[in-house]
Each structure stands twice: as structure tokens, then as C-alpha cells.
Amino acid sequence: MQQTVQSAPAELAHAAEPTTALESLAQHHLHQLQMVVRLASLATAALVVALPIYAQNFGASGKETGLLFAIPALMTALARPIVGRSMDRFGRKPFLVLAVSLMFVAMVLFALARELTLSLGALHIETDARFAITLLFLARTVQGFALGLLLLSAYTITADLARQAGRGASFGYTEEAQYRGGIIGGLIALPILLLFGFNLQGELRITQQVWSLVFGLFAGGVLLGIWRALRYVPETRPPTLTQNTVPDWQAVRALNPQLFRLMAIVVLTMASSYGLSPFILVYIHDRVTPNLVFIMMAYLPAALAWAFLPSRLGRIADRVGRRLPIVVGLSTSGAFSFTLPFMPLLFPQPWMVIAALTVFATLEAVCYAAAVPAEQALVADLLSAHQRGIGFGMYTLAQSVGQVIGPVIMGALYDVNHSGPFLANAFILILGSLLVWTLLTEPQPSARRLA
């Protein structure tokens, strides 16, 4: 099966019928990969929404909240180029299985991140709020590394298969998978929150009981993902890469200079947008409404857009080029960020703010659903077959660097002025869109087809 997929160029040269068979086989393999990504990503949406609020139960400061979103990327920022190069040497599948296995460990640690009092015979165990915060940091670090490794292996496998399956659409399907997993996880968490989350005053809260139960269920789902990765996802590394003995430093120097320009832009924009994400929820919770159901409903259309549109909007990049969707996505997100702190002033009623937030967040998600597959397809365009592992390793390294520094900077800004991170993010994203348009040139369609 592996040899059939990897001999695509020779098969394509003969007739249209083998091409159809190869496309069908590549799509099947991508479907199996996406199922694994969904199961491994059950906690992604719940963490974005709930983690900043849950951490406040233990007295976490703004800087600590920022660190909870920065630390997961710290080790991956150092490891990703090495892992990417290792994928070119040892294959993609072992790292995919490792990623899902580490995700299971993270889910167990999250479930234990709470204040506990246990008596086991003569052994008495009691943990406090500081223990819970420490375990949240540990769980977030493992989960962040696992997610980074998961996406790196998924992007590389997708790039291996994309020549047959369609590049922009293929990356869109892979991008969708993690958001669909997040929606499934949210649908698991919401009934548990509604059943067990009300306190004695009738207020809906993310209690420690709800948190542990939800992440225990997520751990079960990830276990299923490990089984599917072992059984159904094939190895897609081209056989010629097994003989590749080029030193790492030469492999990096051989990369297209355009990739390094894109990496610099990704560091800048990722630091800004990713760093802001936890404080959007905290800001709404503190300034607009503490009702978690309203907040989740406001972001539901955006989550659905992420879950169903990237594969469809990813085709735009195959038709109009890669840069335009990226520029539109960054600019729209910048406009949304600029508007957000003024919403309580423009709309006097909380429900009006939530309605406006829903519209803006959905529009932003739609634009990004086209921009992110375009960006990943551009990376694939710039890489040859023997560079995909290290190339996507460098690209995701840039993402990790932004994820490390962004939340810390935005957390410090939020402690000084609650509107500061939103205005800074708006400026940086607009600047990023200008840099994409002026500094990057994309390969011609004929060159993309040969890559």
C-alpha cells in the first residue's frame, strides 16, 4: 500500500485511471489521519474557553494565565526542527503515535489538577491550590508538546499525500480535524457542565468535579486515537529518504529563503494572536458577562466555521494563490481585535455585546479558515519531497516561538491595561498582512504542481 502511494509520479504519467485510484487511496489515508487528529484534539476548545477561568479558581494571576498558554510551546520550539528532520529519516508514523500517547498522559494530568483529600488506610493525601496550579502547568506542557508533535506529523503526512489529493483542500481537511475534535469535546463537556456546574447560589461555574470528569472522558477518547493511529494510518515517507545522509545544517541551508521570511512573519503574528486568545475570554467574563453559556454560544458559530470550512475555503488558495487569503485573514482579525475593547461602549446591553461578538468572531473564523490552509500550502510549495519533515519542522518552530513569547507579553500588557493587548494585536496583524504582500512571492502554478 505504501509503495502504491509513493509511486504517484510514475503512475500519473501513464493514464487518468491510475490517477483516480491514487486520489481515492490518498483521500482514504487522509481520512484515517483526520480521525486520529480529531480524537487527540478533544480538549483543544475546552482548554481555550475553560482554562483561563478554571485557573482563576486557584488565584492565578494574569502572568500565570499567560504562562499557561506559553509554556506548552517552550520545549517544542527547541525540539521541532530535530523532530522534523527525524521524520525524514525514520518515518512519520512513529511520531504520530508518540504524539497521541503523550496527549493521553496530558489528559490524565489535567484530570488530577485539583484540590484533593484522599485517605487510603494509613496514607492521607491532601493537595492545595498551589498543587493544582503546578499540575496545570505540567499538564499544559505535556499537552502542548503533544499537540505540536501531532500537528507536525499530520502536516508532513498531508504534504506527502497532497499531490494526489489536492494541496489546499488537503491541508484544509487536516486543519478542520482538530477543530471538529474540539467541537466534539465541547459537546461532551457542556452536558456535564449543565448537570454538575451549578453552585448553591444557582451560578454556573467550572467546578473541580466538572473539570476532572470532563478530562477523564477526554482521556478515554485519546486512547481510542492511539489504537486508530497504530492500526489505520500508513507510513507515507518516500523510500528515497531512507538513504538521505545530508547533515542537518546543510539541510537547513538548502531550504528556500522564502520559508525563512514566512517564519519571521509567523513568529510576529502568532505571538500577537495566540498571546491574546486567553485574555479575550477573561475580558468578556470580567467586563461583559460571567455567564459561560452565553460566552460559549457566542463562539459556537466561529467554532463551526473552523470545523467545516477550511477544506472548502482551502481550495481558494489553489485558484487565486496563497498570499491573498493570508492577507485577508490577518487584516480581518486585526480589525476584530481593534473593535473588541470598544464593544461595551458601543452596545449598552450585554446581549448586544454578545451578538456583536458572535458576528465578528464568525467573520474572523471564516477568513482564517481560508488563510491557514493557504499558509500551509505555501510552505509545501516551497519544499521538495526530501525537505518536508525539516521544512515543516522549521515552520512549526516559528509557530512555537510565537506561542512562547506571545502570552507572556500579552499577560503583562493585560495586567497594566485591559485594552492594551487588543490594540497591540490589531497593529501587529495589520503589519503582518503588509509584510506578507510585500516580502513574499509564491511559486507559479506550474511549479507548484511539480513540487
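Note: hydrogens, waters and symmetry copies are ignored here, and every other heavy atom, side chains too, is used.
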Are the side chains of Leu224 and Trp227 in contact, using a 4.5 Å heavy-atom criterion? yes

Treating Thr44 as the side-chain partner and Ser41 as the backbone partner, does any N or O pair qualify as donor plus acceptor under 3.5 Å? yes

Expected output: side-chain Thr339 to main-chain Ala335 donor-acceptor under 3.5 Å: yes

Closest non-hydrogen atoms of Lys93 and Glu235, given as atom of the first, atom of the second and distance, are N-OE1, 3.0 Å

Begin from the C-alpha positions of Tyr395 and Gln399 and carry the test side chain to side chain contact (heavy atoms under 4.5 Å, CB included) through to its verdict. CA-CA 7 Å; Tyr395 166 69; Gln399 293 179 325; 3.3 Å; yes

Can you name the one residue among Phe58, Phe218, Tyr54 that meets ring-ring contact (aromatic ring centres under 6.0 Å, His included) with Trp211? Tyr54

Using every non-hydrogen atom in the two residues, find where Leu33 and Ala154 come nearest and quote the distance to one decimal. CD2-O, 3.7 Å

Quiz question: by atom type and distance under 3.5 Å, do the side chains of Gln32 and Arg228 form a donor-acceptor pair? yes

CG-CG distance between Leu109 and Leu136, expressed to the nearest 0.5 angstrom: 10.0 Å

Heavy-atom side-chain proximity of Arg140 to Leu47 below 4.5 angstrom: yes

Kindly say whether Ser273 contributes a backbone atom to a donor-acceptor pair with the side chain of Asn425 at under 3.5 angstrom? yes

Could you check Val266 against Glu375 for side chain to side chain contact (heavy atoms under 4.5 Å, CB included), going step by step and ending with a plain yes or no? CA-CA 10 Å; Val266 167; Glu375 184 175 277; 3.9 Å; yes

Indicate yes or no: does Glu64 engage Arg130 in a salt bridge with an N to O separation below 4.0 Å. yes

For a quick test of reading the model, state the closest non-hydrogen atom pair linking Val366 to Ala305 and the distance between them. CG2-CB, 4.2 Å

Let me confirm one number: the CG-OG1 distance from Leu68 to Thr141, rounded to the nearest 0.5 Å. 8.5 Å

So OG of Ser212 and CD1 of Ile192: to nearest 0.5 Å the spacing works out to 11.0 Å

Keeping the roles fixed (side chain from Asn57, backbone from Ile206), state whether a donor-acceptor pair exists under 3.5 Å. yes

Determine whether a donor-acceptor pair (N or O, by modelled atom type, separation under 3.5 Å) exists between the side chain of Thr332 and the backbone of Gly329. no

Give me the one residue out of Leu440, Val327, Ile430, Ile265 that meets side chain to side chain contact (heavy atoms under 4.5 Å, CB included) with Leu435. Ile265

Looking at side-chain heavy atoms only, is the closest gap between Leu135 and Phe131 below 4.5 Å? yes

So, do Ile157 and His29 sit near enough that their side-chain heavy atoms are less than 4.5 Å apart? no

Minimal non-hydrogen separation, Ser272 against Ala424, with atom names: OG-O, 4.3 Å

Should Leu42 and Leu217 count as side-chain neighbours, where that means a heavy-atom distance under 4.5 Å? no

Start with the C-alpha distance between Leu413 and Asn417, add both sets of side-chain angles, then the distance that settles side chain to side chain contact (heavy atoms under 4.5 Å, CB included), and finish with yes or no. CA-CA 6 Å; Leu413 281 176; Asn417 187 297; over 6 Å; no

Measure the spacing between CZ of Phe260 and CE of Met263 and express it to the nearest 0.5 Å. 6.0 Å

Any donor-acceptor N/O pair, Arg92 side chain to Met87 backbone, under 3.5 Å: yes

Between Val100, Leu96, Val97, which is the residue that forms a side chain to side chain contact (heavy atoms under 4.5 Å, CB included) with Val233? Leu96

About how many Å separate CG of Leu304 and OG1 of Thr362, when rounded to the nearest 0.5 Å? 8.5 Å

Which heavy-atom pair separates Ser333 from Leu429 by the least distance, and what is that distance? OG-CD1, 3.3 Å

With a 3.5 Å distance limit and no angle check, can you tell me whether Arg322 reaches the backbone of Ala374 through a side-chain donor-acceptor pair? no

Close side-chain approach of Ile184 to Leu187, heavy-atom, < 4.5 Å: no

Spacing of CE belonging to Met394 relative to CG belonging to Leu383, to within rounding of 0.5 Å: 11.0 Å

Would you please classify the geometry between the Phe338 ring and the Phe342 ring as parallel, tilted or perpendicular, with 30° and 60° separating the classes? tilted

Please name the pair of heavy atoms, one in Ala43 and one in Phe215, separated by the smallest distance, quoted to 0.1 Å. CB-CE2, 3.8 Å

For the pair Gln34 (side chain) and Leu30 (backbone), establish whether a donor and an acceptor sit closer than 3.5 Å, ignoring hydrogens and angles. yes

Chi angles and distances behind the side chain to side chain contact (heavy atoms under 4.5 Å, CB included) call for Ile226, Leu223: CA-CA 5 Å; Ile226 297 173; Leu223 267 180; 4.1 Å; yes

Would you check if Leu102 and Phe145 make a side-chain contact, meaning some heavy-atom pair closer than 4.5 Å? yes

Within the structure provided, determine whether Met35 and Tyr232 are in side-chain contact (heavy-atom separation under 4.5 Å). no

Arg114: salt bridge (Lys or Arg N to Asp or Glu O under 4.0 Å) partners, not counting sequence neighbours: none

